[in-house]
Protein chains: 2
Amino acid sequence: MITFIGDYTVRLDSKGRLSFPAAFKKQSREAVQDGFVLKRDLFENCLIMYPMEEWERQNKIIRSRTNPYNKEHARFLRMFFSGTAEVSLDANNRMLVPKRLMEYAGISDEVVLAGQSGKIEIWASDQYGRVSTADDDFAAMAEKILGGSIDEQDR
Amino acid sequence: MITFIGDYTVRLDSKGRLSFPAAFKKQSREAVQDGFVLKRDLFENCLIMYPMEEWERQNKIIRSRTNPYNKEHARFLRMFFSGTAEVSLDANNRMLVPKRLMEYAGISDEVVLAGQSGKIEIWASDQYGRVSTADDDFAAMAEKILGGSIDEQDR
DNA sequence: TAAGTTATGAACAAAGTGGGAAAAAGTGGG
DNA sequence: CCCACTTTTTCCCACTTTGTTCATAACTTA
């Protein structure tokens, strides 16, 4: 599995292209060849970028947990798969983000690409500052998620 | 697991590079090859430097305890992974600290690298002086954290 | 003092940024 | 339904900035 590390601020040029940081390119190795999938995030006003390989993995997970003949599931699947686009990098490591997705994420000229294990989040930079800094909730969340029962060897 | 011991003051050169103390290099052995991950500390104005191996270990723990399709978990993951960067040492044992991280830690020309078992803390030297000198709280904290219930075999 | 290590600066390579022009896709009128 | 026209996308090339490597000088340490 590809794991992306780091967050980078890049600005869109006049044509709405954004250049993909070299660090991410190195981290994705040959997988850049297969392209990426861009998608609206389920919860927040941002976009998620999956390498094709990871997208397929996530797909399997979703499919294994849903039944398309169930009406509610069908609605969920429709929502889940709406707002996706396949993108690829040009010779200068840039990609063109479709307009409707840019609008969804409120992206105009400066964006943050934030690596998060298998995927990359894409935020309008002003919004990212707000959501990414640890607030009072964080300590509580951390304790709830990680606290309590860490095994001895994991410390 | 790699254990770092000691704290060292180094100054940045004109390009913002800092030379990694030889002692730490010895302590990290072959792990230097794999590079390091730099990260903002969640609560203090400093940076944390993990050998890749240690970073992956932490990652595994986090991933195994979170589900990115859970809204609260997703927020936690975002905060946890924000402000990271992958760095490596050049042929002269120097590393380039990304600007945004330097700004975060208030680093301009002199920093302290402080070993702390699996990781290294990086502080602007003027700030480190303030936090590292034992104040009155320290004894009390020590007692509160360590004093109570240490198991027999840990003494 | 010699060998190794650390610091500094210059030269080079790579990444980021911007724009021109060709190709493709979309739009409207006859 | 086809043709001209506009808009969007893609492919190049050039320039600026940033990061990396290399060479040399200064310093430690045995």
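Residue numbers begin at 1 in each chain, while the letters A, B, ... track the order of the sequences.
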Tell me whether [X] contacts the main-chain N or O of [Y] through its side chain, where contact means a donor paired with an acceptor under 3.5 Å.
| X | Y | value |
| --- | --- | --- |
| A:D7 | B:G83 | yes |
| A:E121 | A:Q116 | no |
| A:H73 | A:T66 | no |

Mind checking B:F20 for me? I need base, sugar-phosphate or nothing, with any heavy atom below 4.0 Å counting as a touch.
nothing
Only pairs with both distances under 3.5 Å count, Watson-Crick or wobble alike; so what is the partner of D:dC15 in this structure?
C:dG16
Mate of C:dG30 where both pairing distances stay under 3.5 Å, Watson-Crick or G-U
D:dC1
Does a side-chain N or O from [X] land closer than 4.0 Å to OP1 or OP2 of [N], or not?
| X | N | result |
| --- | --- | --- |
| A:S14 | C:dG18 | no |
| B:K99 | D:dT18 | yes |
| B:S19 | C:dT6 | no |

Test: B:E72 and B:R75 ion pair at under 4.0 Å:
no
Does the ring of A:Y8 carry B:R100 above it, NZ/CZ under 6.0 angstrom from centre and within 45° of its axis?
yes
Cation-pi check for B:F80 against B:K39: NZ or CZ below 6.0 Å from the six-membered ring centre and within 45 degrees of the axis, yes or no?
yes
Which whole-number value in Å describes the distance from [X] [atom1] to [N] [atom2]?
| X | N | atom1 | atom2 | answer |
| --- | --- | --- | --- | --- |
| B:K25 | C:dT6 | NZ | C1' | 12 Å |
| A:N93 | C:dG18 | CG | C1' | 16 Å |
| A:D13 | C:dA15 | CG | P | 18 Å |
| B:R11 | C:dA7 | CZ | P | 10 Å |
| B:L12 | C:dT6 | CG | P | 17 Å |
| A:M95 | D:dT9 | CE | C1' | 15 Å |
| B:L18 | C:dT8 | CG | C1' | 15 Å |
| A:L113 | C:dG16 | CG | P | 10 Å |

Once each nucleotide of nucleotides 20-30 of chain D is scored for protein heavy atoms under 4.0 Å, what B/S/- sequence comes out, 5' to 3'?
BBBB-------
Less than 6.0 angstrom separating the ring centers of B:Y50 and B:F36, yes or no?
no
